[in-house]
*Asks:* 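Dumping the structure here so I can ask a few things about it.
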Amino acid sequence: MTARLRSRSLRTRLLVFITAVLVCVCAAMALTTVLAQRAYLMGSLDNRVSDAAERGVGGAALHPELTRDLTFIHESGQPAGMLAARLDAQGNILSAAVVTQDAPPTSLTTAQTAALQGMAQDGSTHTRQVPGLGTYRVTALNASGIRVLAGLPMDDVLDTIGGLVAVETMVAAVGLTVAGCVCAVVIRRQLRPLGRVAATAVEVSHAPLGRGQVTGLTRVPEKDTDPGSEAGQVGAALNRMIDHVEASLAERQRSEEQVRRSEERMRRFLADASHELRTPLASIAGYAELMNRGTDRIEPGLAWRRVNAESARMRSLVEDLLLLARLDEGRPLQSAEVDMTALVAEAVWDARAAGVGHHWQLELGPGEPALVLGDEARLHQVVANLLANARIHTPEGTTVTATVEATATTCLIRVRDDGPGIPPGLLPTIFERFTRADTSRTRAGVLEGGSGLGLAIASAITSAHGGHLDVQSVPGRTEFTLELPVTELPPTGTAMRVRPAPV
């Protein structure tokens with residue numbers, strides 16, 4: 001029974017428990033009332049029986065020599081149904097009669113007399129079942145040798161107790177029915193917020209969380225999150241749990257997306273690297289095959305020059321890839337004080353020598369000395385790559401301006417050109433590896449055009465120095481901004497640990 005009840009809903013269990021408590025309380029109250037009323041009525045009846053016995057003793061004392069005399073039963077005021085008897089010394093009944101309504105007393109039969117035998121003559125009251133007359137409350141007295149038995153019927157007391165029990169049963173049944181209905185309504189209303197919380201939990205449990213859905217989960221209404229109630233506390237806790245679940249799923253989704261993008265970049269990187277290495281290898285293999293077939297097919301000097309050119313191109317590509325790998329691993333770079341003004345000036349002179357068809361300008365801003373802490377060779381490579389990018393991907397006649405500005409904490413280097421600009425769709429991936437602007441900028445040729453690693457290397461070296469490289473481009477104005485922190489020089493011999501750059 002208990003196990004079956006535990007499987008029921010909380011509403012049913014509360015209703016059953018409350019009803020059981022009310023039944024117990026009503027039963028206890030009814031039993032107490034009945035017992036108290038019975039004790040009162042029985043006490044009153046016992047007093048009347050004792051009074052009747054005393055009156056009988058008094059009436060029998062008028063003629064003590066008549067041991068069977070019952071003339072006292074004829075006195076006025078004797079209630080109908082009263083029975084009286086005279087006893088001998090051994091308690092045997094000598095004569096007995098019962099008062100009847102509007103008729104002379106009637107003598108008791110042998111069976112009725114036998115039901116009254118053996119009565120103690122000490123004035124105590126007893127209950128006896130008299131055949132044909134019903135249940136009686138009787139007592140026997142012995143006063144100076146006069147022994148009298150008197151009894152009164154208990155029908156009125158029993159009827160009163162029975163009526164009281166019936167009334168209380170009816171009242172209890174009606175009261176329990178009304179109380180049960182009221183409790184059912186109250187429990188239903190009070191548990192309604194908990195039901196809504198449970199419905200929300202069920203709906204959330206049915207959400208396809210395993211398929212990556214992280215938003216739009218149902219929440220418990222604000223009215224059901226009142227911390228002043230138990231249901232509100234459960235609702236608030238459920239909402240917090242749903243928030244944690246959404247945050248965890250969102251974080252997992254972001255992590256999976258990052259892993260997926262990283263894998264895609266890695267696959268693209270390997271494919272581009274393989275393609276870039278395959279071209280010079282194919283050229284070297286082709287010229288070697290021509291040389292094996294004889295010198296009449298190709299002039300040996302030209303073949304060796306092409307082999308050396310392709311070898312240099314492949315060596316440059318491998319060195320760029322190794323540099324990126326070292327930066328990704330966070331290997332330490334050389335650390336020394338670098339004058340960025342002089343470094344940029346040298347890079348501009350080198351670029352002017354390589355790109356005579358462009359107009360080159362150098363602008364130095366007022367302020368603090370442009371001194372940064374880092375690897376001079378790598379920082380020169382960053383500026384050279386930015387200038388080479390402007391030279392290669394803009395037509396002749398383009399003006400390229402390099403600007404150096406310094407504050408107490410930051411060194412800013414800007415490389416600006418007035419060329420055709422970078423396509424908007426290419427800007428988000430401009431610093432990724434093997435990214436080229438062939439669709440919008442003229443590429444001067446395979447050897448001059450590069451492999452698409454220049455800006456990726458520049459970004460990685462900048463990040464390794466704790467700086468930031470950004471670009472803004474519109475037709476007629478493209479500007480790369482290199483921002484480096486100005487820090488104090490560490491103790492001599494200290495190497496700078498760089499952070500891994502994103503793949």
Side-chain angles (χ1 to χ4, degrees), residues 28-64 66-168:
M29 293 178 62
L31 182 61
T32 301
T33 303
V34 169
L35 292 177
Q37 186 67 20
R38 184 179 184 280
Y40 173 76
L41 294 177
M42 290 298 293
S44 177
L45 180 61
D46 289 345
N47 290 334
R48 289 164 54 200
V49 171
S50 297
D51 292 342
E54 290 175 358
R55 286 198 305 270
V57 170
L62 298 177
H63 304 282
L66 302 176
T67 57
R68 296 177 178 270
D69 181 42
L70 294 174
T71 55
F72 61 85
I73 202 174
H74 297 282
E75 295 178 359
S76 61
Q78 298 293 356
M82 173 186 170
L83 60 80
R86 295 293 298 272
L87 308 175
D88 59 12
Q90 288 75 31
N92 297 320
I93 296 177
L94 301 177
S95 62
V98 60
V99 177
T100 58
Q101 186 71 28
D102 300 330
T106 303
S107 297
L108 298 181
T109 63
T110 302
Q112 294 171 341
T113 302
L116 300 174
Q117 295 288 352
M119 188 73 61
Q121 302 172 18
D122 54 1
S124 60
T125 55
H126 305 273
T127 301
R128 294 295 175 90
Q129 187 70 31
V130 181
L133 297 178
T135 304
Y136 271 73
R137 194 69 171 170
V138 296
T139 185
L141 292 178
N142 182 358
S144 302
I146 300 174
R147 304 172 183 86
V148 176
L149 182 145
L152 290 175
M154 294 179 59
D155 294 340
D156 292 341
V157 173
L158 295 178
D159 291 343
T160 302
I161 296 300
L164 179 61
V165 170
V167 171
E168 288 189 343

*Asks:* Only counting residues at least two apart or in another chain, list the ones meeting side chain to side chain contact (heavy atoms under 4.5 Å, CB included) with D156.
*Replies:*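 Applying side chain to side chain contact (heavy atoms under 4.5 Å, CB included) to D156 gives none.
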*Asks:* I need the full list of salt bridge (charged side-chain N to carboxylate O under 4.0 Å, His left out) pairs touching residues 106-119, with sequence neighbours left out, sorted by first then second residue.
*Replies:*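 For residues 106-119, and leaving out neighbouring residues, there are no salt bridge (charged side-chain N to carboxylate O under 4.0 Å, His left out) pairs at all.
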*Asks:* Which residue pairs pass the salt bridge (charged side-chain N to carboxylate O under 4.0 Å, His left out) test when at least one of the two sits in residues 125-139, sequence neighbours left out?
*Replies:*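 The answer is D46-R137.
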*Asks:* Checking V165 now: which residues fulfil side chain to side chain contact (heavy atoms under 4.5 Å, CB included) with it, not counting sequence neighbours?
*Replies:*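 So V165 forms a side chain to side chain contact (heavy atoms under 4.5 Å, CB included) with V34, I161, T169.
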*Asks:* Looking only at heavy atoms, which two atoms of L133 and D155 are closest? And how far apart?
*Replies:*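 For L133 versus D155, the nearest heavy atoms are O-OD2, 4.4 Å.
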*Asks:* Please report the interatomic distance CG(L141) to CZ(R55), rounded to the nearest 0.5 Å.
*Replies:*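 It is 12.0 Å, given to the nearest 0.5 Å.
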*Asks:* Check whether any side-chain heavy atom of L83 lies under 4.5 Å from a side-chain heavy atom of L116, and answer yes or no.
*Replies:*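 Yes, their side chains come closer than 4.5 Å.
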*Asks:* Please report the shortest heavy-atom distance between A97 and P105, naming the atom on each side.
*Replies:*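 In terms of heavy atoms, the two residues are closest at CB-CB, 4.3 Å.
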*Asks:* Going by the rule side chain to side chain contact (heavy atoms under 4.5 Å, CB included), which residues pair with T135 if we only count those two or more places apart in sequence or in a different chain?
*Replies:*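 Result, side chain to side chain contact (heavy atoms under 4.5 Å, CB included) vs T135: T127, Q129, M154, L158.
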*Asks:* So which atom in A150 and which in A52 form the shortest heavy-atom distance, rounded to 0.1 Å?
*Replies:*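 So the minimum-distance heavy-atom pair works out to CB-C, 4.0 Å.
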*Asks:* To the nearest 0.5 Å, what is the distance between CD1 (I93) and CZ (R147)?
*Replies:*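 One gets 13.5 Å once the value is rounded to the nearest 0.5 Å.
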*Asks:* Can you tell me how far the CG atom of L94 sits from the CG atom of L87, to the nearest 0.5 Å?
*Replies:*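 Atom-to-atom, L94:CG and L87:CG are 7.0 Å apart.
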*Asks:* CZ/R38 to CG/L31 distance, rounded to the nearest 0.5 angstrom?
*Replies:*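 Taking CZ in R38 and CG in L31, the distance rounds to 11.5 Å.
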*Asks:* With sequence neighbours left out, write down each residue that passes side chain to side chain contact (heavy atoms under 4.5 Å, CB included) with V99, or none if nothing qualifies.
*Replies:*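 Checked V99 against side chain to side chain contact (heavy atoms under 4.5 Å, CB included); matches are I73, Q78, M82.
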*Asks:* Using side-chain hydrogen bond (donor to acceptor under 3.5 Å, both in side chains) as the criterion, list what pairs up with D159, not counting sequence neighbours.
*Replies:*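 Here no residue qualifies.
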*Asks:* Can you tell me how far OG1 of T125 sits from OH of Y136, rounded to the nearest 0.5 angstrom?
*Replies:*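 So the gap between those two atoms works out to 16.0 Å.
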*Asks:* Output the distance between atom CD (E54) and atom OG1 (T139), rounded to the nearest 0.5 Å.
*Replies:*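 Taking CD in E54 and OG1 in T139, the distance rounds to 9.0 Å.
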